[in-house]
Amino acid sequence: MPLPKNFYDDVYKIVKKIPSGRVTSYGAIAEVLGAKGASRTVGYAMNKSHASPSIPAHRVVNRAGLLTGKHHFGSINEMESLLNKEGIRVINNKIQNFQEIFWNPIIELQKDIETSEIEFPE
DNA sequence: CGGCTGACGATGA
DNA sequence: GTCATCGCCAGCC
């Protein structure tokens, strides 16, 4: 119960909770895990999780709303296509209403934290 | 065990 | 406001 065994596992868990039509940033996830500066590590976790289709990595973008990880999908248009299917408008690899559809795990996961569904260090 | 990696983020010029 | 640089932490070689 203490600290998360696998940082990656926590990342996946959070990413899976991202609702359709919403997006979040690597830094936000890292911050939830108590490692605000580990934003890069979060992205690296996705890279390793590319084999897990259950993880909507396309809903995770950088702070600027840019599809920085699109190049890592099967096809370059894969990520953008998935986002479009969810009603997210992407132009030139950038989410237009990023700020509006931004899904803040720090707030949304408060309930999960109470139910011990997600644990994070202090 | 030491060093590099990396789908980021913030700060400075 | 845009471009360039440093720092960050956890995993992997």
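Within every chain, numbering begins at 1; the chains are lettered A, B, ... in the order of the sequence lines, protein sequences first and strands thereafter.
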Give the table of side-chain donor-acceptor pairs shorter than 3.5 Å for residues 33-44 of chain A, with sequence neighbours excluded, one pair per line with atom names and distance.
none

Original post:
C:dC9 P sits how many Å from A:Tyr8 OH, rounded?
Top reply: 15 Å
**OP:** Give every residue pair that meets the salt bridge (Lys or Arg N to Asp or Glu O under 4.0 Å) criterion with at least one member in residues 77-89 of chain A, sequence neighbours excluded.
**Re:** A:Arg59-A:Glu86
**OP:** Whenever both distances are under 3.5 Å in a Watson-Crick or G-U wobble pair, mark it; put DNA chain B into dot-bracket that way, with [ ] for crossing pairs and | when the partner is on another strand.
**Re:** .|||||.||||||
Subject >> Any pair counted as salt bridge (Lys or Arg N to Asp or Glu O under 4.0 Å), so long as it reaches residues 91-103 of chain A, sequence neighbours left out >> reply: none
Original post:
So do the side chains of A:Asn104 and A:Ile107 get within less than 4.5 Å of each other, counting heavy atoms only?
Top reply: yes
**OP:** With the side chain counted from C-beta on, respond yes when A:Val61 and A:Met79 share a heavy-atom pair under 4.5 Å apart, and no when they do not.
**Re:** yes
**OP:** Quick one: list whatever passes ring pair (Phe, Tyr, Trp, His ring centres under 6.0 Å) with A:Phe98, sequence neighbours left out.
**Re:** A:Phe102
May I have the list of side-chain donor-acceptor pairs in residues 17-28 of chain A shorter than 3.5 Å, sequence neighbours left out?
from    : atom 1 : to       : atom 2 : distance (Å)
A:Lys17 : NZ     : A:Glu117 : OE2    : 2.4
A:Thr24 : OG1    : A:Trp103 : O      : 3.0
A:Ser25 : OG     : A:Ala28  : N      : 3.3
A:Tyr26 : OH     : A:Val60  : O      : 3.3

Enumerate, atom names and distances included, each donor-acceptor pair closer than 3.5 Å involving a side-chain atom of residues 62-72 of chain A, sequence neighbours excluded.
from    : atom 1 : to      : atom 2 : distance (Å)
A:Asn62 : OD1    : A:Ala64 : N      : 3.3
A:Asn62 : OD1    : A:Gly65 : N      : 3.0
A:Asn62 : OD1    : A:Leu66 : N      : 2.6
A:Lys70 : NZ     : A:Asn93 : OD1    : 2.5
A:His72 : NE2    : A:Asn47 : OD1    : 3.4

Original post:
Nucleotide by nucleotide, 5' to 3', does protein get under 4.0 Å of the base (B), only the sugar-phosphate (S), or neither (-) in nucleotides 2-8 of chain B, counting heavy atoms?
Top reply: ----BBB
